[in-house]
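Here the structure comes first, spelled out in structure tokens, and everything after it is commentary.
Just so it is clear, the model here is predicted, and its values are computed rather than measured. Just so it is clear: chains get the letters A, B, ... in the order the sequence lines come, proteins before strands, and each one is counted from 1. Computed over heavy atoms, backbone and side chain alike; hydrogens, waters and symmetry mates excluded.
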Number of protein chains: 2
Amino acid sequence: MGVPDDQLHAEIAARLRAHGLRVTAPRIGVVMALERTPHADADTVARQVRKSLGAVSTQAVYDVLHALTEARLVRRIEPAGSPARYETRVGDNHHHMVCRECGVVADVECAGEAVPCLNPGPTHGFVVDEAEVTFWGTCARCHTSESTETSLIKENG
Amino acid sequence: MGVPDDQLHAEIAARLRAHGLRVTAPRIGVVMALERTPHADADTVARQVRKSLGAVSTQAVYDVLHALTEARLVRRIEPAGSPARYETRVGDNHHHMVCRECGVVADVECAGEAVPCLNPGPTHGFVVDEAEVTFWGTCARCHTSESTETSLIKENG
DNA sequence: CGGATAATCTGGAACTAGTCAACTAAGCGC
DNA sequence: GCGCTTAGTTGACTAGTTCCAGATTATCCG
């Protein structure tokens with residue numbers, strides 16, 4: 001929020017290098033877009049990147065997102081019914097709340113202390129390495145406008 | 001497993017009627033397919049239905065699945081990276097384990113007692129009505145063949 | 001600094017899951 | 001059985017994403 005662009009730029013470049021990735025304009029752009037707009041989908045990212053860099057191919061965006069995901073620099077989430085979304089918050093096990101009306105995604109700190117959800121009980125031989133929790137419901141905005149009815153056409157990101 | 005086809009057939013017909021749905025061959029077929037193959041995707045369902053009924057349009061299958069989901073007769077799950085899957089187990093809050101390798105889905109009883117994960121903490125105004133938990137990992141089969149089958153290079157996690 | 005090398009990027013085509021719309025066929029209450 | 005209403009058929013179409021082949025470009029290493 002308060003970080004100037006070129007400082008962020010340098011910081012991201014360092015992050016890329018730290019993960020063994022080459023530093024390229026699209027990559028910086030993609031990460032910057034995600035820093036600014038968490039939970040953005042590929043298309044939103046592409047548009048944001050183009051706004052700051054000019055022409056960038058869709059494939060480049062997908063490719064970068066894929067590379068970043070592989071490198072664990074971004075995390076890919078895919079709530080049912082919406083295209084894949086990406087976020088730069090990695091390494092902590094936070095979860096997500098998704099609005100059924102408008103699809104907006106919000107982070108939730110794993111309320112419980114010791115990852116209570118990570119123990120699936122009898123695993124039928126599965127080796128579990130991650131527990132993903134998605135809370136479904138209605139966001140404040142939609143919940144309100146639902147009572148008031150009509151209007152709303154989603155603007156939140 | 002032990003239930004003969006026409007008994008299942010009748011039982012499903014009753015279930016459909018109980019939910020105010022007309023009884024049609026494709027609908028019976030779809031539910032039967034899901035009883036036999038839980039967590040099947042639309043395509044798998046379509047193929048199974050066609051095997052027993054002959055020609056059934058893809059659209060019909062989607063339509064039926066949609067109707068059944070609406071009527072809460074089946075539940076739709078959508079693990080990231082795979083097409084939508086359906087199951088007839090509804091009404092209990094079990095969760096799923098998904099294999100990263102082969103995509104197979106297994107049911108998990110909600111191990112915890114009082115749905116520990118259902119409390120997202122500060123909800124930012126969200127009204128949560130469902131918590132969906134997905135455990136990601138490697139199924140027994142893939143886990144075994146991974147160690148045995150050598151080759152598989154990737155190791156970094 | 002100046003290649004050599006391999007990773008990236010481009011543009012377009014293709015593929016999969018799923019939707020829409022207009023029409024026909026079938027279920028079921030009378 | 002009759003006919004209203006809901007289902008199913010067909011076929012074109014969209015969104016999201018991936019694949020392919022060739023042009024670019026960042027890094028490595030001397």
Spacing between [X] atom [atom1] and [N] atom [atom2], to the nearest angstrom:
X	N	atom1	atom2	answer
B:Glu78	C:dT16	CD	C1'	13 Å
A:Tyr62	C:dA14	OH	P	19 Å
B:Asp41	C:dG18	CG	P	8 Å
A:Ile28	D:dA26	CD1	P	12 Å
A:Arg76	D:dG16	CZ	P	13 Å
A:Glu70	D:dT18	CD	P	12 Å
B:Leu65	C:dA17	CG	P	14 Å
A:Leu16	C:dA7	CG	P	17 Å

With [X], which residues qualify under side chain to side chain contact (heavy atoms under 4.5 Å, CB included), at least two apart?
X	value
A:Ser52	none
B:Ala71	B:His19, B:Leu21
B:Ala80	A:Glu78, B:Trp136

Checklist outcome for this item: Overall bend of the helix from C:dC1-D:dG30 to C:dC30-D:dG1 (five pairs an end, 10° steps) is 50°
Checklist entry - Can any side-chain N or O of A:Ser82 pair as donor or acceptor with the backbone N or O of A:Pro79 at less than 3.5 Å? => result yes
Checklist entry - When you measure from the side chain of A:Thr37 to the backbone N and O of A:Ala40, does any donor-acceptor pair fall under 3.5 Å? => result no
Are [X] and [Y] packed together at the side-chain level, in the sense that at least one heavy-atom pair is separated by less than 4.5 angstrom?
X	Y	value
A:Ile28	A:Leu16	yes
A:Glu87	A:Val74	no
A:Gln48	A:Arg36	yes
B:Val104	A:Phe126	yes
B:Glu130	A:Arg100	yes

Checklist entry - Any ion pair linking B:Arg15 and B:Glu35 (charged N to carboxylate O, less than 4.0 Å)? => result yes
N/O-N/O pairs, protein side and nucleotides 1-4 of chain C side, under 3.5 Å:
none

Checklist entry - Heavy atoms under 4.0 Å, any strand shown: does B:Ala67 hit a base, just sugar-phosphate, or nothing? => result nothing
Checklist outcome for this item: Heavy-atom contacts, protein to nucleotides 7-15 of chain D, under 4.0 Å, summarised as B (base), S (sugar-phosphate only) or - (none) per nt, yield SSBBB----
